[in-house]
Visitor: 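Pasting a structure here, questions to come.
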Amino acid sequence: MNYDPIAIFAEWLRELLTSWNLSDDFATVILKLIGAVVVAGLALGIFILQTWLERKVAGRMQDRFGPNRVGPFGLLQPIADALKMVTKEDTTPESADKVSYNIAPVMAVFAVLMIWGVVPYSSTWVGTDLDVGVLYIGAVGSFGVLAVLMAGWSSNNKYALLGAFRGVAQLISYEVPLLLSLVIPVFLARSMNLNEIIGKQGDVGWFIVFAPLAFVIFFISNLAEIGRTPFDLLEAESEIVAGYHVEYSGMKFGLFQAGEFAHSFASAALISILFFGGWQPAASPWLGAVVFFAKTTFFYFVIMWIRLTLPRIRIDHMMAMNWKFIVPLNIILLMTVPLLDYFVKDLGATRMYAHFGLNMVLLIGAIVVAGRAIKKSEPDRVRFPERAVAVPPKEETEEVAA
Amino acid sequence: MLDNWMFIGLLVIVAVALPTLPIVVARILAPRKPNAQKMETYECGMETVGETWVQFKMQYYVYALVFLVFDVEIIFLYPWAVSFDQMPLLGVIAGVLFIFLLGDGLVYAWRKGALEWK
């Protein structure tokens, strides 16, 4: 029943390779290499679709059509864009630091492609089933920061440097709640293996019910890590031209774009894996992949929706929200969840309700406390002076009538 | 197990090669007509004034320090979370105490004014 075309194909290929008198180890290397190319190629293939989807959704949300000239529904637009990118002249400023200027765009894409190496598409379709999957994601995700810093610094340009500094401050700040909230699903599943985390969610229920607060924190810090509109301080075009990639043109700029798009899809994938059961409840490999991509596309849509709805937040607000609200809340969550779980871990459904209740109490409590604190301090709210307001003239009709 | 890491190693090569490929293709296909004006730093369209590579704001450094403390300590939480089922109550309390000290460090940084954006 569990028909697995990829396993059958891999078996066939291995037999073919060994029949050519190649050693079994060499066949393994070839198969893994094909796997790596497929995983990375898939992520870039999705990016090409994403550019179309993003522009189409953005168009619809802003009451426009979006791309609709090239091909049916504008579906060939990404190909036209790619051709344009490749054939555009690519300038490198004389004064730039050539080495890191050229490495940075590659690094931006590299960081995202590495994440896809451990993402399970379905129960058996996975790049590689690492036992330290979550830790690995945290590790390779940090390369993105390096790309931003290298690009901004090497451009030898004040706005790019400013953008890079802001970007690094934002990315490393939000990496703290990102990693802290990742501990919660790991803790609930007692495993860092992504497929085991999904399997556990099949047994006890999706972790969104166990840890709604951790989900909220993870989602917000992911938005910040992507660097899209509510958090796009690193490329705020109305303040610092285009941030860290002002000097880039042609394909190198395209790679930064690819990195951002692929990162948002990878984030959506992680959200659906860690909190929404990944390929659950479908056990069969290909059906699981369909379910997984459906969930991921939904969360990608939510990310786009937020991007197109919210304005950019101010840098001091952004930092204060992270360090004075999200991180302390996350630390309290991490202190209370294990203590609670120690006493309720064998109680089945009660465990779920207990976790849900604790999360909700913390979430509501934190919002109330933060709301009061903001109201009390209000150091930087602009108080508009009282001023004359135009009042409509008094109605005289009544007097006339009298 | 080693097979898994071999895959990661191969993925590193592929993940570097795939984004390099379009750059190389662009180098072959794209026109290249550099001139002095074009190779200048663009910045915002005006001519650049003064040095760029200067030290200009301490605040970023302070945030980086706070981040470093957290990032190093969070790593220790993962093995603790994984092995939770084999742990006696004392182990749980020790872990919670560890997280409490982490929060304590944040409070210290906060009181010292390291988290104020000036």
Side-chain angles (χ1 to χ4, degrees), chain A residues 28 32-33 35-37 39-40 44 86-91 93-95 105-106 109-110 113-114 117 127-130 135 156-159 161 165 169 172-173 175-176 179-180 183 186-187 190-192 241 246-247 250-252 255 315-316 319-320 323-324 327-328 331 334-335 338-339 342, chain B residues 1 3-8 10-16 18-20 22-23 25-27 29-34 38-44 48 52-53 57 59-60 63-64 66-67 70-71 74-75 77-78 81-85 89 92-93 95-96 99-100 102-103 106 109-110 115 117:
Chain A
T28 310
K32 295 266 175 194
L33 186 64
V37 171
V39 164
L44 287 181
V86 169
T87 51
K88 247 185 111 176
E89 182 172 2
D90 178 23
T91 58
E94 288 280 81
S95 54
V106 176
V109 179
F110 168 80
L113 292 186
M114 289 304 284
T128 179
D129 213 10
L130 277 192
L135 205 59
N156 196 0
N157 165 334
K158 277 150 212 101
Y159 290 106
L161 190 69
F165 268 72
I172 65 173
S173 291
E175 207 164 299
V176 172
L179 292 175
L180 275 174
V183 176
V186 168
F187 172 77
R190 310 279 198 266
S191 171
M192 282 192 268
V241 194
V246 179
E247 297 293 341
M251 201 59 227
K252 285 177 193 157
L255 285 179
I315 186 160
D316 58 332
M319 297 304 265
W323 288 108
K324 297 179 181 175
V327 171
I331 286 174
L334 264 181
M335 279 164 65
L339 277 180
Y342 185 78
Chain B
M1 191 65 227
D3 271 10
N4 284 343
W5 289 105
M6 185 174 79
F7 178 85
I8 299 295
L10 289 169
L11 187 63
V12 170
I13 299 168
V14 173
V16 171
L18 268 187
T20 317
I23 291 185
V25 172
R27 218 178 166 82
L29 290 182
R32 248 190 304 165
K33 295 173 190 143
K38 207 187 274 178
M39 303 317 278
E40 268 180 13
T41 308
Y42 169 72
E43 210 158 274
C44 60
T48 311
T52 301
W53 290 327
K57 197 165 161 78
Q59 199 64 39
Y60 293 108
Y63 274 109
V66 180
F67 157 76
F70 273 88
D71 213 36
I74 290 165
I75 301 304
L77 291 176
Y78 285 96
V82 170
S83 58
F84 193 79
D85 276 341
L89 185 59
V92 176
I93 291 172
V96 170
I99 302 167
F100 173 76
L102 200 64
L106 182 70
W110 195 338
L115 305 182
W117 188 265

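Chain naming here is simple, since letters A, B, ... match the order of the sequence lines and numbering starts at 1 in each. Quick caveat: nothing in here was measured; it's all calculated off a predicted structure.
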Visitor: Less than 4.5 Å apart, any side-chain heavy atom of B:Met6 and any of A:Thr128?
Guide: no

Visitor: Tell me, please, which residues at least two apart from A:Arg190 pass salt bridge (Lys or Arg N to Asp or Glu O under 4.0 Å).
Guide: A:Asp341, B:Asp85

Visitor: For chain B, which of A:Leu334, A:Leu339, A:Thr87 has the most heavy-atom pairs under 4.5 Å?
Guide: A:Thr87

Visitor: Less than 4.5 Å to any heavy atom of chain A: does that hold for the side chain of B:Leu89, its backbone, both, or neither?
Guide: both

Visitor: Counting only non-hydrogen atoms closer than 4.5 Å, does A:Ala40 touch chain B with its backbone (N, CA, C, O), its side chain (CB onward), both, or neither?
Guide: both

Visitor: Looking only at heavy atoms, which two atoms of A:Glu89 and B:Pro31 are closest? And how far apart?
Guide: CG-O, 3.2 Å

Visitor: Heavy-atom count around A:Lys88 NZ within 6.0 Å, excluding the residue itself: above 12?
Guide: no

Visitor: To the nearest 0.5 Å, how far apart are CG in A:Leu179 and CD1 in B:Ile74?
Guide: 5.0 Å

Visitor: A:Leu135: what forms a side chain to side chain contact (heavy atoms under 4.5 Å, CB included) with it, not counting sequence neighbours?
Guide: A:Val132, A:Met192, B:Ile75, B:Tyr78

Visitor: Examine distances only and state if a side-chain atom of A:Glu175 and a backbone atom of B:Asp71 form a donor-acceptor pair shorter than 3.5 Å.
Guide: no

Visitor: Is the shortest side-chain heavy-atom distance between A:Phe110 and B:Val12 below 4.5 Å?
Guide: yes

Visitor: Would B:Leu11 and A:Leu113 count as a side chain to side chain contact (heavy atoms under 4.5 Å, CB included) if you check the C-alpha gap in whole Å, the side-chain angles of each, and the deciding distance to 0.1 Å?
Guide: CA-CA 8 Å; B:Leu11 187 63; A:Leu113 292 186; 5.7 Å; no

Visitor: What distance do A:Asp90 atom CG and B:Ile23 atom CD1 have between them, rounded to the nearest 0.5 Å?
Guide: 7.5 Å

Visitor: Select, from B:Val66, B:Thr20, B:Ile13, the one with the greatest count of heavy-atom pairs under 4.5 Å involving chain A.
Guide: B:Val66

Visitor: Is B:Val92 close to chain A through its backbone or its side chain, or both, or neither, when contacts mean heavy atoms under 4.5 Å?
Guide: side chain

Visitor: Heavy-atom count around B:Tyr60 OH within 6.0 Å, excluding the residue itself: above 12?
Guide: yes

Visitor: If you count heavy-atom pairs under 4.5 Å between each of A:Val39, A:Val327, A:Ile331 and chain B, which one has the most?
Guide: A:Ile331

Visitor: On a heavy-atom basis, which atom in B:Tyr63 and which in A:Ser173 lie closest, and how many Å separate them?
Guide: CD2-OG, 4.3 Å

Visitor: Could you tell me which non-hydrogen atom of B:Ala81 sits nearest to which non-hydrogen atom of A:Val183, and how far apart they are?
Guide: CB-CG1, 4.1 Å

Visitor: In terms of heavy-atom proximity below 4.5 Å to chain A, should B:Leu106 be classed as side chain, backbone, both, or neither?
Guide: side chain

Visitor: At a heavy-atom distance under 4.5 Å, which candidate from B:Pro22, B:Pro19, B:Ala109 has the highest pair count against chain A?
Guide: B:Pro19

Visitor: Can you tell me which of A:Thr91, A:Ile172, A:Val106 forms the most heavy-atom pairs within a distance under 4.5 Å of chain B?
Guide: A:Ile172

Visitor: Do you know the tightest heavy-atom contact between B:Trp110 and A:Pro328?
Guide: CZ3-CG, 4.2 Å

Visitor: Heavy-atom distances under 4.5 Å only: say whether A:Leu33 touches chain B with side chain, backbone, both or neither.
Guide: both

Visitor: Any chance you could measure A:Leu180, atom CG, to B:Phe70, atom CZ, to the nearest 0.5 Å?
Guide: 7.0 Å

Visitor: Kindly compute the distance separating CH2 (B:Trp5) from CG (A:Leu130), expressed to the nearest 0.5 Å.
Guide: 4.5 Å

